[in-house]
Amino acid sequence: MSLSIATWNINSVRLRIGLILQFLAEHQPDVLCLQETKCPDALFPEKAFREAGYPHLALSGQKGYNGVAIVSRRPLFGVDRNHFCDRIDCRHIEAKVESGQQRVTLHNFYVPAGGDEPDPDKNVKFAHKLAFIEELTQAAERLAQPGSILVGDLNIAPLETDVWSHRQLLKVVSHTPVETEGLLRFQAAGPWVDVMRRFVPPEEKLFTWWSYRSPNWEASNRGRRLDHIWAAADMAARAQGIKVIKEARGWERPSDHVPVIATFAEA
DNA sequence: ATGACGGATCTAATCCGA
């Protein structure tokens with residue numbers, strides 16, 4: 001038996017409920033963590049998930065922006081929402097799910113994008129992003145307890161091979177040194193294991209996001225790895241593999257992010 | 001060669017994403 005966890009920045013859960021149902025039918029993850037749901041909880045398409053076999057929901061949504069959700073085939077326990085940078089902006093939700101004899105804690109994050117200008121003195125959005133990562137680092141020990149998995153759109157591509165051109169993206173928000181070093185400090189503070197890179201060597205390019213603005217996303221392949229699955233050491237030891245569902249970028253009216261699935265052996 | 005797009009919102013132009 002195994003536990004499979006998927007993460008997907010869906011860019012509107014209501015607009016793309018059809019694509020989500022297709023993904024769930026094809027890949028049948030036990031749990032799906034969504035970001036950018038852009039949907040108040042009262043309007044979440046609960047019925048569609050229930051009918052697809054995912055009746056257990058943990059929601060933190062708001063109108064128009066941000067929003068995270070955990071949908072599950074298995075019951076969810078201990079749902080909680082953390083807030084960062086003194087804002088209530090629906091960027092974290094956590095829940096526990098039964099896995100063998102234990103309960104696994106899932107943290108689902110949507111880290112601020114950070115705007116265009118990578119200078120915190122000129123751009124308050126970038127300052128917010130850096131402060132958010134810093135607060136996560138302060139909370140790392142609490143978040144990364146044994147039995148924990150962290151997923152989500154972290155909006156940072158930390159390794160050189162996490163972007164199509166390391167050199168050309170060094171001054172582009174998502175791959176600047178202050179961000180990548182900050183994210184790696186947060187990871188080390190857990191410590192968290194980068195589960196995707198356990199299975200895809202760091203020498204190999206690996207992307208989860210391709211801009212809408214490139215008409216020819218597949219041929220030009222100017223992607224970035226912005227979505228991540230991390231695990232505490234005990235869970236990382238149980239990781240069996242990951243899948244990046246790249247074909248989802250080519251579906252009708254797609255999200256600009258694709259789903260990532262990780263599978264863990266049951267304790 | 002970082003936008004040529006695409007989403008949500010007080011449907012029209014604006015904010016946002018990264």
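Within every chain, numbering begins at 1; the chains are lettered A, B, ... in the order of the sequence lines, protein sequences first and strands thereafter. Computed from a prediction, not measured in an experiment: that's the story for all the values here.
Every ring-ring contact (aromatic ring centres under 6.0 Å, His included) that A/His166 has, sequence neighbours left out, goes to A/His175.
Atom CG of A/Asn216 and atom P of B/dG3 are 18 Å apart (whole Å). Nucleotide B/dT2 holds its P atom 15 Å from the NE2 atom of A/His175, rounded to whole Å. In this structure, A/Arg222 atom CZ and B/dA4 atom P are separated by 14 Å, rounded to whole Å. If you take CD of A/Gln35 and P of B/dA8, they are 16 Å apart, rounded to a whole angstrom. Look at CG on A/Leu169: it is 12 Å from C1' on B/dA1, rounded to the nearest Å.
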Exercise. Where along nucleotides 10-18 of chain B does protein come under 4.0 Å, by heavy atom, of base (B) or sugar-phosphate alone (S), with - for untouched nucleotides?
Worked result: S-----SBB

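When the P atom is compared between B/dT14 and B/dA18, the two are found 22 Å apart, to the nearest whole Å. Separation of the P atoms belonging to B/dG7 and B/dT2 is 24 Å when rounded to the nearest angstrom. Annotation: B/dG3 and B/dA8 have their P atoms spaced 25 Å apart (nearest Å). Distance check on atom P: B/dC16 versus B/dC10 gives 14 Å, rounded to whole Å. The P atoms of B/dG17 and B/dT9 are separated by 15 Å, rounded to the nearest whole Å. Between the P atoms of B/dA4 and B/dT11, the separation comes to 26 Å (whole Å).
A/Asp153 and A/Gln35 form no side-chain donor-acceptor contact under 3.5 Å, judged by distance and modelled atom types alone. Checked by atom type, the side-chain pair A/Thr137/A/Glu134 shows no donor-acceptor distance below 3.5 Å.
For the pair A/Leu15 and A/Trp164, nearest-nucleotide mapping onto DNA chain B gives the more 5' position to A/Trp164.
Within the cation-pi definition used here (under 6.0 Å to the ring centroid, within 45° of the axis), A/Arg103 qualifies as a partner of A/Phe77. Cation-pi contact between A/Arg249 and A/Trp217: present, with separation from the ring centre below 6.0 Å and deviation from the ring axis of at most 45°.
Residues A/Leu136 and A/Leu183 share a single hydrophobic cluster, defined by chaining ILVMFWY side chains whose heavy atoms lie under 4.5 Å apart.
Between A/Trp8 and A/Phe23, the gap from one ring centroid to the other is short of 6.0 Å.
A close approach under 4.0 Å does not occur between any side-chain nitrogen or oxygen of A/Ser12 and OP1 or OP2 of B/dG7. The side chain of A/Arg16 contributes an N or O atom lying less than 4.0 Å from OP1 or OP2 of B/dG7.
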